[in-house]
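Notes follow once the structure below has been shown.
Here is how names work: the chains are called A, B, and so on, in the same order as the sequence lines, proteins then strands, and each is numbered from 1.
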Protein chains: 2
Amino acid sequence: MMANSLTVNAYDSHLQATGRPSPGITEPDLPPMTDRPTSDHINEIHHSGLKATAPRIKILRVFQESSQRHWSAEDVYRKLLEDHAEIGLATTYRVLLQFVQAGLLSRTYIEAGKAIFELNEGRHHDHLVCVRCGRVEEFCDPEIEARQQRVAEQFGFELKDHALSLYGVCSSPACRRGGR
Amino acid sequence: MMANSLTVNAYDSHLQATGRPSPGITEPDLPPMTDRPTSDHINEIHHSGLKATAPRIKILRVFQESSQRHWSAEDVYRKLLEDHAEIGLATTYRVLLQFVQAGLLSRTYIEAGKAIFELNEGRHHDHLVCVRCGRVEEFCDPEIEARQQRVAEQFGFELKDHALSLYGVCSSPACRRGGR
DNA sequence: TTTGTTGCAAATTATTTGCAGCGGG
DNA sequence: CCCGCTGCAAATAATTTGCAACAAA
């Protein structure tokens with residue numbers, strides 16, 4: 001409950017946060033990619049230099065075999081519970097982090113103080129989230145990306161990464177009407 | 001240690017997060033504004049509908065009478081300790097939040113999972129942070145702001161807010177040379 | 001076999017809340 | 001004098017870590 005820095009440092013989190021950066025493409029279109037054989041999962045994990053254990057395979061499948069793209073650690077853990085995979089929350093966190101470091105997943109902080117994981121398909125994007133229903137859209141605007149680069153240069157910074165989330169009310173009637 | 005949502009909801013944090021939004025100005029130039037008389041602080045607090053108590057006055061002065069612009073709750077608490085103000089951490093958090101809601105301060109999440117507070121001077125801006133030394137620059141790029149609006153419209157969203165931070169290596173020789 | 005991996009419980013970090021007592025207006 | 005405010009301790013929430021038992025390669 002207090003111990004170290006004084007404003008400075010620990011922004012390091014963001015360095016290892018997102019999987020490999022890559023050039024902007026304008027509209028992700030979410031390919032289904034459902035129910036691939038386990039042997040592929042094993043290879044994917046092996047190629048990351050990790051042992052292909054049951055927890056890792058199951059967690060990878062959660063991402064690849066679901067229409068849901070964005071998962072918090074808790075979400076994943078709960079899905080595993082439902083599926084009767086006997087995997088602890090700590091392991092879930094550990095594996096998610098390893099997958100991020102291996103570039104299989106990417107991690108973002110859409111809402112303050114909670115990490116969201118998604119399959120890293122190589123195309124960088126930012127998020128647009130509905131503050132009423134939580135719906136998340138992905139976008140990548142080359143103009144914004146270019147401008148960020150410019151801003152960094154103006155300040156003499158070598159740009160390494162960025163975090164951008166837009167918050168708004170989506171077009172669903174319920175959200176538009178939206179009390180609260 | 002787990003209880004509620006499933007990805008959805010709680011993005012609400014961001015609704016009350018930042019003080020009032022305002023039109024973009026291109027370069028903040030940080031006026032000093034040092035050592036104003038206490039009576040002014042009292043008024044500023046009163047105008048927010050809050051009682052002018054010692055903790056509130058002292059916390060407001062931390063922001064107004066220091067060259068440092070960005071403070072975490074811990075930072076403020078530690079400064080108060082140094083100054084022998086007898087103010088608890090809980091009170092610090094409570095007052096900071098009240099000041100944000102009153103529009104005196106604004107709150108941002110520059111690094112994952114840690115709130116940063118600064119005086120709300122009415123001019124909206126985003127942050128550019130050095131991942132080596134923690135230095136924070138402020139900027140506002142009208143082009144980026146406009147583009148965000150466009151993106152939201154494309155998706156049929158009514159844009160309410162955004163969070164943008166750029167991470168890079170600043171121009172200081174130490175950071176440029178910079179091994180981690 | 002050997003080193004990486006797991007589950008569980010306990011520790012951390014950032015922040016919030018309950019409550020009895022204090023003090024501005 | 002009354003209700004808002006404070007300190008302290010305990011509670012939450014998200015995530016991490018220590019450690020002994022295991023299990024891929």
Side-chain angles (χ1 to χ4, degrees), chain A residues 1-5 7 9-10 12-13 16-17 38 41-43 45-59 71-78 80-81 85-102 107-117, chain B residues 1-5 7 9-10 12-13 16-17 38 41-43 45-59 71-78 80-81 85-102 107-117:
Chain A
M1 179 225 281
M2 75 158 271
N4 46 357
S5 70
T7 295
N9 202 350
D12 308 72
S13 41
Q16 57 162 191
T38 296
H41 298 159
I42 293 178
N43 285 333
I45 293 171
H46 275 168
H47 288 348
S48 309
L50 298 168
K51 285 185 181 175
T53 61
R56 293 201 179 123
I57 293 168
K58 285 173 183 165
I59 289 176
W71 300 77
S72 70
E74 270 290 328
D75 291 342
V76 174
Y77 176 63
R78 293 245 276 279
L80 293 170
L81 277 187
E86 306 272 309
I87 299 175
L89 182 55
T91 299
T92 304
Y93 272 103
R94 270 186 294 232
V95 170
L96 287 173
L97 181 55
Q98 290 161 344
F99 282 178
V100 168
Q101 291 168 336
R107 176 172 62 178
T108 24
Y109 294 87
I110 285 179
E111 41 175 312
K114 193 171 194 173
I116 291 297
F117 300 83
Chain B
M1 180 225 280
M2 75 156 273
N4 46 357
S5 71
T7 296
N9 201 350
D12 309 71
S13 43
Q16 58 162 193
T38 295
H41 298 159
I42 294 178
N43 285 333
I45 293 170
H46 274 169
H47 288 348
S48 309
L50 299 167
K51 284 186 181 176
T53 62
R56 293 200 178 123
I57 294 168
K58 285 173 184 164
I59 289 176
W71 299 77
S72 70
E74 270 290 329
D75 290 341
V76 173
Y77 176 63
R78 293 243 277 277
L80 293 170
L81 278 186
E86 306 272 308
I87 298 175
L89 182 56
T91 300
T92 305
Y93 272 103
R94 271 186 293 234
V95 169
L96 288 173
L97 181 54
Q98 291 160 345
F99 283 178
V100 168
Q101 291 168 335
R107 176 172 63 177
T108 22
Y109 294 86
I110 285 180
E111 41 176 311
K114 192 169 195 174
I116 291 296
F117 300 85

Can you tell me the distance, in whole Å, between the [atom1] atom of [X] and the [atom2] atom of [N]?
X: Glu74(A); N: dA13(D); atom1: CD; atom2: C1'; result: 9 Å
X: Tyr77(B); N: dT13(C); atom1: OH; atom2: C1'; result: 15 Å
X: Lys114(A); N: dT15(D); atom1: NZ; atom2: P; result: 8 Å
X: Ile45(A); N: dA25(D); atom1: CD1; atom2: P; result: 10 Å

Give, for atom CZ of Arg78(A) and atom CH2 of Trp71(A), the distance between the pair rounded to the nearest 0.5 Å.
->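 Rounded to the nearest 0.5 Å, the CZ-CH2 separation comes to 11.0 Å.
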With rounding to the nearest 0.5 Å, note down the distance linking CZ in Phe99(A) to CZ in Arg107(A).
-> 14.0 Å
Using rotation axes that map the C1' atoms of four end pairs onto the next four (five pairs an end), what angle separates the end axes of the helix from dT12(C)-dA14(D) to dG25(C)-dC1(D), to 10°?
->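 Axis-to-axis angle, ends of the helix: 30°.
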For residues Leu97(B) and Arg94(B), determine if any side-chain heavy atom of one lies less than 4.5 Å from a side-chain heavy atom of the other.
->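 No. Closest side-chain heavy atoms not under 4.5 Å.
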May I ask you to test the Phe117(A)-Asp75(A) pair for a side-chain heavy-atom distance under 4.5 Å?
-> no
Residue whose nearest DNA chain C nucleotide is more 5′ - Ile87(A) or Thr91(B) =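 It is Ile87(A), whose closest nucleotide lies nearer the 5' terminus.
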Should Arg56(A) be listed as having a side-chain N or O under 4.0 Å from OP1 or OP2 of dA24(D)?
-> no
Quick one: is Tyr93(A) getting a side-chain N or O under 4.0 Å of the dT15(D) phosphate, OP1 or OP2?
->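 So the side-chain polar atoms of Tyr93(A) do come within 4.0 Å of the phosphate oxygens OP1 or OP2 of dT15(D), strictly under.
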Pairs under 3.5 angstrom only: tabulate donor-acceptor contacts from the side chains of residues 86-93 of chain B to other protein residues two or more places apart or in another chain.
residue  : atom : partner  : partner atom : Å
Thr92(B) : OG1  : Gly88(B) : O            : 2.9

Nearest heavy-atom neighbours spanning Ile45(A) and Ala52(A) | CG2-CA, 4.0 Å
The side-chain contact (heavy atoms from CB on, under 4.5 Å) partners of Thr53(B) (sequence neighbours excluded) come to Lys51(B), Pro55(B), Arg56(B)
Summarise how protein sits on nucleotides 19-25 of chain C as a single string, 5' to 3': B when a protein heavy atom is under 4.0 Å from the base, S for sugar-phosphate-only contact, - for no contact.
-> ----BBS
Would you indicate which nucleotide in dT17(C), dT15(C), dT6(D) comes nearest to any side-chain atom of Ala90(B)?
-> dT17(C)
